[in-house]
There are 2 protein chains.
Amino acid sequence: MARKSRRDSIIESAAELFAAKGFRATTVRDIAERAGILSGSLYAHIATKEDLYLEIVRRASHDFTQRLNPIVSSQSRPGDKLQWMIAAHLAVIEESRAWARVYLDDDSELSADTRREAQRLRRDYERLWDQVFSEGIEAGVFDVQDESVTRLFVLSALNGIIGWYRPDGRLSHEELAQTFFRLTLRVLGGNKGPDSQC
Amino acid sequence: MARKSRRDSIIESAAELFAAKGFRATTVRDIAERAGILSGSLYAHIATKEDLYLEIVRRASHDFTQRLNPIVSSQSRPGDKLQWMIAAHLAVIEESRAWARVYLDDDSELSADTRREAQRLRRDYERLWDQVFSEGIEAGVFDVQDESVTRLFVLSALNGIIGWYRPDGRLSHEELAQTFFRLTLRVLGGNKGPDSQC
DNA sequence: CCTACCGATCGGTAGG
DNA sequence: CCTACCGATCGGTAGG
């Protein structure tokens, strides 16, 4: 099993608090307390509170991206890729809820530099979705009129999940992924299969 | 023309700052400065900073709701209602960008009471959308398998607009409303008209 | 609406 | 990793 350094547990504590209360409303004293040390001791492991935020966003970004990369670069059909991507997205949210929340939320309370880096990382992740959308459109399996608005529509719905998904909800994450996939396929005009009622 | 009290201009200033920097990152000194007074003088017009936030959310909620109410209670077909609702939603966002942003964003940095009231107001607004969704489903013009997930999917996409919409963008808000309507109709399985390629 | 100020709390540091 | 503390800033108030 993975060794968990004190630094890791500080970052973990910060992730949970940032996710629950936001960046500004979380104090370094809150973070230290949850990690079991005093606030002054925090600075033996981190440089600033903003660095802590960036570290969380970087790790979450890595998680999401690593999960999607093999799917995107596989030889599957765009529709199948999409189905697995949605399942993967939901899996990360389920496994790393707090991290995902900090990552997916565009926090306007940070310094311009920090915010920019977080936005860049989110954009990299969104590009993976874009790629598959474009692939499907070019292959003619998705029927899209305005690619850019469609993309924003789908990604908003996708990112919105973090706001309402509860692991103990009515649907398992597999069922939710399936339903979400069906809806996304409709938006993309790709439901020409047995689901279509033509 | 409408008379604008000092109180109104304080609330307006707060709305713009909350929208741009978030609640915690905005100080009462920022708000006072933008309104052209000193921070101490603020409290002749407001009780607390949180009250200011609530006032903004209440006014925005009123704006959105007033715009949708006549559409929802009209005798139009569900599909037509939906089209007008989307146009109205976009119109409020265009006309009252800052207010809309404060209203639509679930800010985790507030006290539990304040947050609860804001959530209640947002839920009231979402209920108007729910109504029309249900209407269309019952009338058989929308083809929905999981009403609750479909609802969350569409509302996430809808609320996501505030995050990326720029009034000076490629599309006018009428064009955007039209495109958005088409996509929403797809999600709801209601595009059985000439748009369908069956 | 201003002057003058409050107690509390903030992120972060020095020295051990 | 703790003790002890810093300068800055916060939301809000008293008295005019």
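These numbers come from the heavy atoms of this one structure, side chains and all, not from hydrogens, waters or symmetry mates. Reminder, nothing fancy here: chain letters follow the sequence lines and each chain counts from 1.
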Under the rule for side-chain hydrogen bond (donor to acceptor under 3.5 Å, both in side chains), what residues qualify as partners of A:Glu16, not counting sequence neighbours?
A:Arg34
Restricting to pairs with a member in residues 88-113 of chain B, which pass ring-ring contact (aromatic ring centres under 6.0 Å, His included), not counting sequence neighbours?
B:Phe64-B:His89, B:Phe64-B:Tyr103, B:His89-B:Tyr125, B:His89-B:Trp129
With sequence neighbours excluded, what pairs up with A:Arg151 under the salt bridge (charged side-chain N to carboxylate O under 4.0 Å, His left out) test?
A:Glu126, A:Asp130
Is it the case that the side chains of A:Gln145 and B:Thr179 hold a donor-acceptor pair, with the cut-off being a distance below 3.5 Å and no angle test?
no
Residues which pass salt bridge (charged side-chain N to carboxylate O under 4.0 Å, His left out) with A:Asp106, listed by chain and number, not counting sequence neighbours
A:Arg115, A:Arg122
Just to be sure I understand the geometry, which residues of residues 109-116 of chain B put a non-hydrogen atom under 4.0 Å away from DNA chain D?
none
Taking only residues two or more places apart in sequence or in another chain, which ones pass ring-ring contact (aromatic ring centres under 6.0 Å, His included) with A:Tyr53?
A:Phe23
With B:Arg123 via salt bridge (charged side-chain N to carboxylate O under 4.0 Å, His left out) - residues at least two apart
none
What string of B, S and - do you get for nucleotides 2-16 of chain C 5' to 3' if you count protein non-hydrogen atoms under 4.0 Å?
BS------BBBB---
With A:Glu135 via salt bridge (charged side-chain N to carboxylate O under 4.0 Å, His left out) - residues at least two apart
A:Lys81
With Watson-Crick and G-U wobble geometry limited to distances under 3.5 Å, how should the secondary structure of DNA chain D be encoded in dot-bracket form, using | for bases paired to another strand and [ ] for crossing pairs?
||||||||||||||||
Those residues that, when tested against A:Arg77, pass side-chain hydrogen bond (donor to acceptor under 3.5 Å, both in side chains) (two or more places apart):
A:Asp80
Sequence neighbours left out, what passes side-chain hydrogen bond (donor to acceptor under 3.5 Å, both in side chains) with B:Arg7? Give chain and number order.
none
